[in-house]
Structures are given as structure tokens and as C-alpha cells.
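Down below is the structure, laid out as C-alpha cells.
Every value quoted in this text rests on a predicted model; they were computed, and no experiment measured them.
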Amino acid sequence: LIDSARLYFNSAEAVVAEAFVQASPTVLVCSPAAIGAAACATQIANTFLPKATGRPLANGDATRFAALVTGEADFVTGVKKAVTATLTSPKFLLIRTEEGATPAGSVYRLSSYELAERLSYFLWSSLPDTELFSRAADNTLLQSNTLDLQLKRMMASTKFSQFAETFFMQWFGYDKLPSVVRSSFPAMTAQIRTDMMEESRQFAHHIFNNNRPPDEIFTADYSFPNAR
């Protein structure tokens, strides 16, 4: 358990370090010199935390975030510390139900935020985007027509295509083709391995993008080979 926690923490630190190289303006949305460290830290919390947790801010969230920021002598170092803490918190790592949920054994109706979170991680392997978060915020995501529109929008996204590819790759294990021992299969050149992975990738995209029935995964009488 300790090793897992350390792994999560190290991964979070690496992600934060990269984020501040590539996209620090999206996190540092204000200047502490202009409005003060505490006010800026709170503004960052109000912007960042809902995106990271997929929920509106709970009581005390912004205060705790700001305290971590202002507890460091250097403001940016403090922001990195607070963001790292957020990325290793249960609110970020776990798919969960709201506090005070229905007791075990009872039917539990998902809130709009819980539904948005589950849809996003299932179809995109990522956090809800602004549009999905907005539909959760106004509770329209719980309406069948809005839910249908959001599903169609999400499945038209390139992020869904990535999910389809990853889903098939993990299920059928064709990502392991590069490790196939050449001596056991003399004809298995590097190019053929690449071709086989591409054939599987195209098949996966065809099934998902054309809304084919699940049993066609096993019964399809077609494939996507190339000239080799």
C-alpha cells in the first residue's frame, strides 16, 4: 500500500512538472503580485479544483488548497504542491458516490455529476470537458434527450476513437505483438507486426464508429489487411 501511494505521488509530481512546462498559464490564472498571494491562490482553486474533481467546490476545498499554496515561500512552488496534493487525493483518484448516499442494499440514483464522471472516464478515459460539466451543473444531463445528445457528441470525438483502440488492444492483447519471439515465427518481421497492429486498430475503429453489434467482433467475415 505504501509503495502504491509513493507511485501515485511520484506520478503526480511528474505530471505537475510537465504541466507547468507545457501549460502553466492554464493553471496560473492570476498574478499574486497583482491581487495578493492568498486571493490568487483562492482564484486558482476555484478554477482548477472543479475541473480536476468533476464536482463543484465543497466547503473548505478552496481554503485548504490556498493554505498549501501560501505555505510555501515561492508561490509557484506552492501551487505545484497544492496541485500535486489534489492529484493524489481520493476525490481525484476514485470514482465515488456523493456523501450521504443511499445505504448499502438500496437503489442509488446517480447525481448529474456522478453520471458525467462515469461517462467521461468510460468513453474518454479522461475528465469531463466543459460541455459535459455544464450539463451536469444544470442537471439537464439527467434528462434522456440531453443524455442522448451528449453520448452522440462524445462518441464523435477523437477521444472516443482512442478509447476504442485502447479497449480492443487491452482485451485482445495485440499490443504484445512487438514482444513476439522471432525465432518461433521466422516470418514475423517488424513490418508485419506493425501491419497486424494496424489491421486490428482499423477493425476496432470500424466496429465502434459504425455502431456494429457486439457479436460482430467474433463473427465478422471481413478484415482490413494491406497488400503484404
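Note that CD of Glu114 and CZ of Arg109 are 11.0 Å apart. Values are rounded to the nearest 0.5 Å. To the nearest 0.5 angstrom, Arg6 atom CZ is 10.5 Å from Thr88 atom OG1.
Side-chain N or O atoms of Ser120 include one that pairs as donor or acceptor with a backbone N or O of Leu127 at under 3.5 Å. Not one N or O on the side chain of Thr77 forms a donor-acceptor pair closer than 3.5 Å with the backbone of Ala73. Checked by atom type and distance alone, the side chain of Asp61 never pairs as donor or acceptor with a backbone atom of Leu57 at under 3.5 Å. In terms of modelled atom types and a separation under 3.5 Å, the side chain of Thr146 and the main chain of Leu142 share no donor-acceptor contact. Looking only at distances, no side-chain donor or acceptor of Glu165 sits under 3.5 Å from a matching main-chain atom of Gln162.
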With a 3.5 Å cut-off and sequence neighbours excluded, list the donor-acceptor pairs that the side chains of residues 36-50 form with protein atoms.
{"from": "Thr42", "atom 1": "OG1", "to": "Ala38", "atom 2": "O", "distance (Å)": "3.0"}
{"from": "Asn46", "atom 1": "ND2", "to": "Thr42", "atom 2": "O", "distance (Å)": "3.2"}
{"from": "Thr47", "atom 1": "OG1", "to": "Gln43", "atom 2": "O", "distance (Å)": "3.0"}

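Looking at heavy atoms from C-beta onward, Trp124 lies in side-chain contact with Asp129 at the 4.5 angstrom threshold. Using a 4.5 Å cut-off on side-chain heavy atoms (C-beta onward), Gln150 and Leu132 make contact.
Put simply, Leu149 and Leu151 are part of two different groups of oily side chains (I, L, V, M, F, W, Y) that touch within less than 4.5 Å, one to the next. By the criterion of side-chain heavy atoms lying less than 4.5 angstrom apart, applied directly or through intervening Ile, Leu, Val, Met, Phe, Trp or Tyr residues, Met169 is grouped together with Phe172 in one hydrophobic cluster. Both Tyr174 and Ile207 are assigned to one and the same hydrophobic cluster, defined by single-linkage of ILVMFWY side chains at heavy-atom distances under 4.5 Å. Using a 4.5 Å cut-off between side-chain heavy atoms of Ile, Leu, Val, Met, Phe, Trp and Tyr, with links allowed through other members, Val16 and Val79 fall into the same hydrophobic cluster. Connection of Val83 to Phe9 is not established within any shared hydrophobic cluster, with ILVMFWY side chains joined at heavy-atom distances below 4.5 Å, either directly or through further cluster members.
In plain terms, the two heavy atoms of Arg64 and Asn59 that are nearest each other are NH2-O, 3.7 Å. The minimum heavy-atom distance between Ala137 and Tyr113, with the atom names listed, is CA-OH, 3.2 Å. Between Glu117 and Thr53, the shortest heavy-atom distance links the atoms OE2-O, 4.0 Å. The two atoms that bring Ala164 and Phe208 nearest to each other are CB-CD1, 3.3 Å, heavy atoms only.
When the side-chain contact (heavy atoms from CB on, under 4.5 Å) test is applied to Ser11, the partners found at least two apart in sequence or on another chain are Leu7. Under the rule for a salt bridge (charged side-chain N to carboxylate O under 4.0 Å, His left out), Glu199 has no partner lying at least two apart in sequence or in another chain.
Summarising the local packing, CE of Met197 is surrounded by more than 12 heavy atoms from other residues, nucleotides or ligands at distances under 6.0 Å.
If you look at Trp171 and Phe218, their ring centroids are closer than 6.0 Å. Aromatic ring centres of Phe168 and His205 lie farther apart than the 6.0 Å criterion allows. In this structure, Phe122 has its ring center closer than 6.0 angstrom to the ring center of Phe163.
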Q: Give the C-alpha distance, both sets of side-chain angles, the deciding distance and a yes or no for salt bridge (Lys or Arg N to Asp or Glu O under 4.0 Å) between Arg153 and Asp148.
A: CA-CA 9 Å; Arg153 180 184 71 86; Asp148 185 57; over 6 Å; no
Q | Derivation and outcome, side-chain contact (heavy atoms from CB on, under 4.5 Å), residues Thr140 and Asn145 | A | CA-CA 9 Å; Thr140 57; Asn145 58 331; over 6 Å; no
Q.
For Met154 and Leu119: C-alpha separation, side-chain torsions, deciding distance, then whether side-chain contact (heavy atoms from CB on, under 4.5 Å) applies.
A. CA-CA 9 Å; Met154 295 174 74; Leu119 285 175; 4.2 Å; yes
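Relative ring orientation between His206 and Tyr222 is described as perpendicular, the plane-to-plane angle rising above 60° on a 0-90° scale split at 30° and 60°.
A salt bridge between Arg135 and Glu131 is present, with a side-chain N of the basic residue lying under 4.0 Å from a carboxylate O of the acidic one. At a threshold of 4.0 Å, the pair Asp74-Lys80 does not count as salt-bridged, since none of the basic side-chain nitrogens sits closer than that to a carboxylate oxygen.
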